[in-house]
Number of protein chains: 2
Amino acid sequence: MDGTDIIERPNFCEACAIRNRAICADLDNQEIDLLNKIGRRRQLQVGEQLLWEGDEAVLVANVVEGVLKLSTATADGREQIVGLVYSSDFVGRPFSETTPYGVEALTDATVCVFRRKDFDRFALDHPRLANKLLERTLTELDRSRRWILLLGKLNAEERVASFLIEVGRRLEVDVDQPANLSGRSEFSLPLSRQQIADILGLTIETVSRQFTRFKKDGIIQMPTSRTIIVPDIKALINRAG
Amino acid sequence: MDGTDIIERPNFCEACAIRNRAICADLDNQEIDLLNKIGRRRQLQVGEQLLWEGDEAVLVANVVEGVLKLSTATADGREQIVGLVYSSDFVGRPFSETTPYGVEALTDATVCVFRRKDFDRFALDHPRLANKLLERTLTELDRSRRWILLLGKLNAEERVASFLIEVGRRLEVDVDQPANLSGRSEFSLPLSRQQIADILGLTIETVSRQFTRFKKDGIIQMPTSRTIIVPDIKALINRAG
DNA sequence: CGATAAATTGAGGACAATCAAAGAGTGTGG
DNA sequence: CCACACTCTTTGATTGTCCTCAATTTATCG
């Protein structure tokens, strides 16, 4: 390394926590350097919005840390959350002029953002990235179809139980506690009751009542309204239909 | 062409109706020939099943003609239709060992099937195909998220209206009647009332009652139970929320 | 034409929504 | 540090939409 080698833009990828899990996993070092040039890190605070529904699709991003929600609204303003993205997930709409949903941080978050057009071009030039994105998109489509089943056929109790199982699982992928094996699980909800309702197609009151029921039945404990302890996952799974 | 050039397998792609709309659109002639070698045409009759939920994912396919449904069921047998695929759409689950939903023909149909593993390999070797598939998958994900909005937030009337608009639009892409401009639309439903109910997360009776209501209000006409005439799309859109 | 399935219509009931109020948690300023 | 305001959550009472059950009508097909 000599004096001309001035670091203008730090290569975040090198020490990136999701380097081997996100869509960049299959890229070689040279490709990573290129990708690093067109991307940049950005911090988001709780409630901060990254994209607005219907806007021009200017950005796409990898989630490095934190949880974000994707949401759409009806003409008269009813909001539905249509997806949650976690650490190592991809967010945004490549190859389209407009963003079909808004994206907002549910927790403080770190994302790795790209100008959508830069990203589109990079994806077209780098099949390894495109393939990873394809696999992720297919998985996300499977997930959203399971959500369609939930909304179409499950009752309130089954929905809330399914939601807790899903969120618990997705949050614990990072934590990887050996405790998982015991069937016990503890996690912090990244959503308010209103947001949970907007995911499950229920009202805030119905969600609250289901939580209370689960507590009374000993299926969950709730030291605070956002801390969930599931002593025995099986019991919860039984309620999920 | 000499005597050694025996045509063992007709090249269906050459005269394929969806050659320029399906995921093979961007392939050159050489690539098409290769793809043609690993694929074959198959006819499906109404009600015939192409894939079973939970089975090993052996096949993927392009829909040449007809409409198919994708469905999942809850543990206790409640069925939810999670997607419809039309002419030029892709169906199946690449890059996965199991099929997350069943696929069944709603009309007589023609599909262009591939062994999943052959297709996976081809996609990895041919970025132009992979990119087309990616775009389609992203579009399908957008669609399924709009469906989540429908199931989460719309009431029965809005759901049925939205459904009619969506089906009408997707069927008429092929027909391309100039009549579309007039705001008038006529089409044949490829689904029974039960199937419509299983898409909309409603019961057969509720669907029927909504149809009757729309008829009485002059928003649709129904010469037969599967023929829908929408004199003025705007009126229907108003009911869709 | 008769048999079977699909669709419609009606009556009553259940589950979740709505409306209303109290309780718990959080943050601010005196 | 505590009082006050504000938001979020919980709980209760009532309403309404859609489901369930049942019967009839219409369509489909041998």
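Here is how names work: the chains are called A, B, and so on, in the same order as the sequence lines, proteins then strands, and each is numbered from 1.
Summary for the helix from C:dC1-D:dG30 to C:dG30-D:dC1: the axes at its two ends, each from 5 pairs, differ by 40° when rounded to the nearest 10 degrees.
Within 6.0 Å of CZ in B:R115 there are 12 or fewer heavy atoms belonging to other residues, nucleotides or ligands. Counting non-hydrogen atoms of neighbouring residues, nucleotides and ligands closer than 6.0 angstrom, the CZ atom of B:R19 exceeds 12 such neighbours.
A 4.5 Å side-chain heavy-atom check between A:K69 and A:L84 finds at least one atom pair inside the cut-off. Here the side chains of B:V82 and B:W147 are not in contact, with every heavy-atom distance at 4.5 Å or above. In this structure the side chain of B:Y86 reaches within 4.5 angstrom of the side chain of B:L171, judged on heavy atoms. Side-chain atoms of A:I228 and A:M222, non-hydrogen and from C-beta on, do get closer than 4.5 Å to each other.
Shown for residues 214-227 of chain B: no residue has heavy atoms falling under 4.0 angstrom of DNA chain D.
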* **Worked check of side chain to side chain contact (heavy atoms under 4.5 Å, CB included) between B:L200 and B:L150** => CA-CA 8 Å; B:L200 297 177; B:L150 176 143; 4.0 Å; yes
* **Intermediate values then yes/no, side chain to side chain donor-acceptor pair (under 3.5 Å), A:S144 and B:S144** => CA-CA 7 Å; A:S144 88; B:S144 89; 2.4 Å; yes
* Tell me, with the steps shown, if B:R159 and B:T206 meet side chain to side chain contact (heavy atoms under 4.5 Å, CB included). => CA-CA 11 Å; B:R159 290 183 199 192; B:T206 299; over 6 Å; no
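A:S192 comes within 4.0 angstrom of the backbone, heavy atoms only, and of no base.
Following rounding to the nearest Å, A:I196 (CD1) and D:dT9 (C1') show an atom-to-atom distance of 11 Å. Taking atom CZ of residue A:F211 and atom P of nucleotide D:dT11, one finds them 12 Å apart after rounding to whole Å. Per the geometry, CD belonging to A:E205 stands 16 Å off P belonging to D:dT14, to the nearest Å. Note: CZ (A:R193) to C1' (D:dT11) measures 14 Å, nearest angstrom.
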Distances under 3.5 Å between nitrogen or oxygen atoms of protein and nucleotides 17-19 of chain D:
| unit_1 | atom_1 | unit_2 | atom_2 | d |
| --- | --- | --- | --- | --- |
| D:dC18 | OP1 | B:A156 | N | 2.8 |
| D:dC19 | OP2 | B:T203 | N | 3.4 |
| D:dC19 | OP2 | B:T203 | OG1 | 3.1 |
| D:dC19 | OP2 | B:T206 | OG1 | 2.4 |

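Running 5' to 3' along DNA chain C, contacts with non-hydrogen atoms of chain B at under 4.0 Å begin and end at C:dA7 to C:dA11.
Atom-to-atom distance recorded for B:I23:CD1 and B:R136:CZ is 7.5 Å, nearest 0.5 angstrom.
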Between side-chain atoms of residues 189-199 of chain A and protein atoms elsewhere (two or more places apart, or another chain), which donor-acceptor pairs fall under 3.5 Å?
| unit_1 | atom_1 | unit_2 | atom_2 | d |
| --- | --- | --- | --- | --- |
| A:S192 | OG | A:Q194 | N | 3.4 |
| A:S192 | OG | A:Q195 | N | 3.2 |
| A:R193 | NH1 | A:S225 | O | 3.0 |
| A:R193 | NH2 | A:S225 | O | 2.8 |
| A:Q194 | NE2 | A:D198 | OD1 | 3.3 |
| A:Q195 | OE1 | A:S192 | N | 2.9 |

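When the side-chain contact (heavy atoms from CB on, under 4.5 Å) test is applied to A:E140, the partners found at least two apart in sequence or on another chain are A:R143, B:L141, B:R145.
Looking only at distances, no side-chain donor or acceptor of B:R239 sits under 3.5 Å from a matching main-chain atom of B:A161.
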